[in-house]
Amino acid sequence: MTNDNTPFVIGIDLGGTAIKLGRFEFDGTCNESWSVDTPKPATPEAVLQVLVEAIAQVDPENQCRAVGVGTPGPVDATGQIAKVAINLDGWQDVPLGSWLSQKTGKPVILANDANCAGLGESWLGSGRQFRNLILLTLGTGVGGAIILDGKLFTGHTGAAGELGLITINLYGPECNSGNKGSLEQYASVQAIQRATRTTPEEMGHAARSGNRQALEFWEGYGHHLGAGLASLIYVLTPEAVIIGGGISASAEFFLPGAIAEIERRVLPVCRPNLQVLVAELGNKAGMVGAAKLAWQTIEDSL
């Protein structure tokens with residue numbers, strides 16, 4: 001339990017199935033965490049009600065300093081409006097931050113869930129020794145986050161960091177974004193299923209069993225990933241690239257190919273001492289990053 005005199009914030013990861021909440025001190029200590037079911041249907045009003053009730057449970061004495069929320073979709077530049085929320089019903093330009101602040105009396109800041117994951121890894125995970133890094137989450141889609149000088153970079157509209165949507169093949173498969181041949185079309189779960197007619201988990205299991213075709217697939221996967229990362233590295237020259245998401249469970253099979261591709265394509269001067277690492281925080285990263293965002297909001301207001 002948190003000492004009554006110890007300041008804390010609440011970090012929230014809003015997902016399509018569950019909402020994870022944690023109470024975090026300034027140094028990242030998580031004193032308690034909870035998980036509640038996302039309401040069905042997950043309309044903005046229903047989610048707001050569940051969040052208000054959950055925050056009251058996490059903070060019964062109303063001592064929280066601020067609240068950070070990671071949402072499954074883009075957020076506006078003010079960190080108050082969820083522009084769209086993937087897998088949630090009826091979400092379009094929802095002022096969730098303002099609503100939640102009015103209900104709780106606390107400062108509230110929103111960010112895309114992949115951005116929160118990147119901030120979490122930067123704070124307490126694989127990226128904690130670096131000030132400049134990028135995170136790529138390999139899952140149903142390919143999300144990303146950019147951390148510059150220890151802070152999340154989202155650009156002037158709040159939409160920067162869609163790293164999975166960069167083009168790596170001018171004539172490649174169509175993407176839901178309207179792009180063609182995006183990195184996501186070669187590195188996501190759907191891309192793996194399209195190429196192998198099976199799941200990433202099954203391909204990982206086959207590779208661990210020494211299956212030659214699976215090992216060759218992962219090598220090719222790594223080369224596509226590395227080609228996409230090469231473009232990002234040229235633009236951002238990060239100290240580290242963090243690879244997260246469910247597909248990262250097979251990183252041992254594809255990271256060597258990705259690193260080899262980066263070394264082939266990127267001038268050494270643009271990647272001095274670059275580290276390519278696997279994320280450490282798993283499904284806690286979004287909640288951790290949301291808490292860090294809340295602390296940064298407090299710092300910026302001083």
Side-chain angles (χ1 to χ4, degrees), residues 113-130 132-147 161-166 168 182-233 236 238-266 271 273-286 288-289:
D113 51 5
N115 284 336
C116 285
L119 198 54
E121 290 290 341
S122 172
W123 189 25
L124 301 178
S126 295
R128 58 187 174 275
Q129 58 185 313
F130 308 105
N132 300 280
L133 61 91
I134 59 177
L135 170 86
L136 215 59
T137 58
L138 308 175
T140 304
V142 174
I146 301 168
I147 307 298
E162 292 291 348
L163 306 184
L165 301 184
I166 65 168
I168 65 171
S182 67
L183 178 59
E184 183 169 283
Q185 295 307 303
Y186 295 89
S188 65
V189 170
Q190 286 89 339
I192 292 174
Q193 291 173 333
R194 184 172 60 242
T196 67
R197 301 295 185 265
T198 187
T199 66
E201 292 81 6
E202 290 168 331
M203 290 302 293
H205 178 73
R208 288 182 184 86
S209 300
N211 181 278
R212 181 176 58 83
Q213 287 181 317
L215 290 168
E216 289 176 352
F217 165 76
W218 284 119
E219 183 179 3
Y221 177 94
H223 289 308
H224 278 106
L225 179 63
L229 287 172
S231 296
L232 297 171
I233 292 164
L236 297 165
E239 299 167 83
V241 174
I242 311 296
I243 304 296
I247 297 173
S248 68
S250 293
E252 63 189 287
F253 303 115
F254 65 75
L255 276 192
I259 292 169
E261 201 67 40
I262 290 168
E263 291 175 347
R264 268 195 295 270
R265 291 174 179 270
V266 181
R271 53 173 173 86
N273 303 312
L274 176 70
Q275 301 291 304
V276 182
L277 305 168
V278 178
E280 294 180 358
L281 299 180
N283 62 12
K284 296 180 180 177
V288 172

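Within the 4.5 Å cutoff, side-chain heavy atoms of Phe253 are placed close to those of Arg208. Side-chain contact between Ile134 and Leu136 is absent, with no heavy-atom pair separated by less than 4.5 Å. For the pair Arg271/Glu263, a side-chain contact is recorded, criterion being any heavy-atom separation below 4.5 Å from C-beta on. Using a 4.5 Å heavy-atom cutoff, the side chains of Leu133 and Ser122 are in contact.
Panel note: side chain Arg265, backbone Gly226; no donor-acceptor pair is recorded below 3.5 Å. Arg128 places a side-chain N or O within donor-acceptor distance of the main-chain N or O of Gly125, the cut-off being under 3.5 Å. Ser248 places no side-chain N or O within 3.5 Å of a backbone atom of Val278 that could act as its donor or acceptor partner. At least one donor-acceptor pair closer than 3.5 Å links the side chain of Thr199 to the backbone N or O of Glu202. Under the 3.5 Å distance criterion, the side-chain polar atoms of Gln275 are left unmatched by any main-chain donor or acceptor of Ala240. Put simply, the side chain of Thr196 gets close to the backbone of Thr198: a donor and an acceptor are under 3.5 Å apart. Between the side chain of Glu261 and the backbone N or O of Gly222, no donor-acceptor pair lies under 3.5 Å.
Closest of all the heavy-atom pairs between Pro256 and Ala251 is CD-O, 4.0 Å. Annotation for Ala145 and Ala114: closest pair CB-O, 3.5 Å, computed over non-hydrogen atoms. Looking at every heavy atom in both residues, Cys116 comes nearest to Gly286 through CB-O, 3.5 Å. Scanning all heavy atoms of the two residues, the minimum distance from Leu124 to Leu281 falls at O-CD2, 4.0 Å. The two residues Pro200 and Ile192 come nearest to each other via the heavy atoms CG-CD1, 3.8 Å. Annotation for Ala207 and Trp218: closest pair CB-CD1, 3.7 Å, computed over non-hydrogen atoms.
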*Going through the distances and angles, do Arg194 and Gln185 end up as a side-chain contact (heavy atoms from CB on, under 4.5 Å)?*
CA-CA 9 Å; Arg194 184 172 60 242; Gln185 295 307 303; 3.5 Å; yes
_Does Ile146 form a side-chain contact (heavy atoms from CB on, under 4.5 Å) with Leu163? I'd like the steps, not just the answer._
CA-CA 9 Å; Ile146 301 168; Leu163 306 184; 4.0 Å; yes
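To the nearest 0.5 Å, the span separating CG on Leu229 from CG on Leu183 amounts to 7.0 Å. Ile168 CD1 to Glu184 CD: the interatomic distance, rounded to the nearest 0.5 Å, is 11.0 Å. With rounding to the nearest 0.5 Å, the separation of CG in Asn211 from CE in Met203 is 7.0 Å. Residue Ile243 holds its CD1 atom at 10.5 Å from OG of Ser126, rounded to the nearest 0.5 Å.
Of the candidates Ile259, Leu277, Leu274, Val241 forms a side chain to side chain contact (heavy atoms under 4.5 Å, CB included) with just one, namely Leu274. Each of Leu236, Leu119, Asn132 was checked for a side chain to side chain contact (heavy atoms under 4.5 Å, CB included) with Ile147, and the lone residue meeting it is Leu119.
Using the six-membered ring where Trp is involved, Tyr221 and Phe217 have ring planes that are tilted, between 30° and 60° apart.
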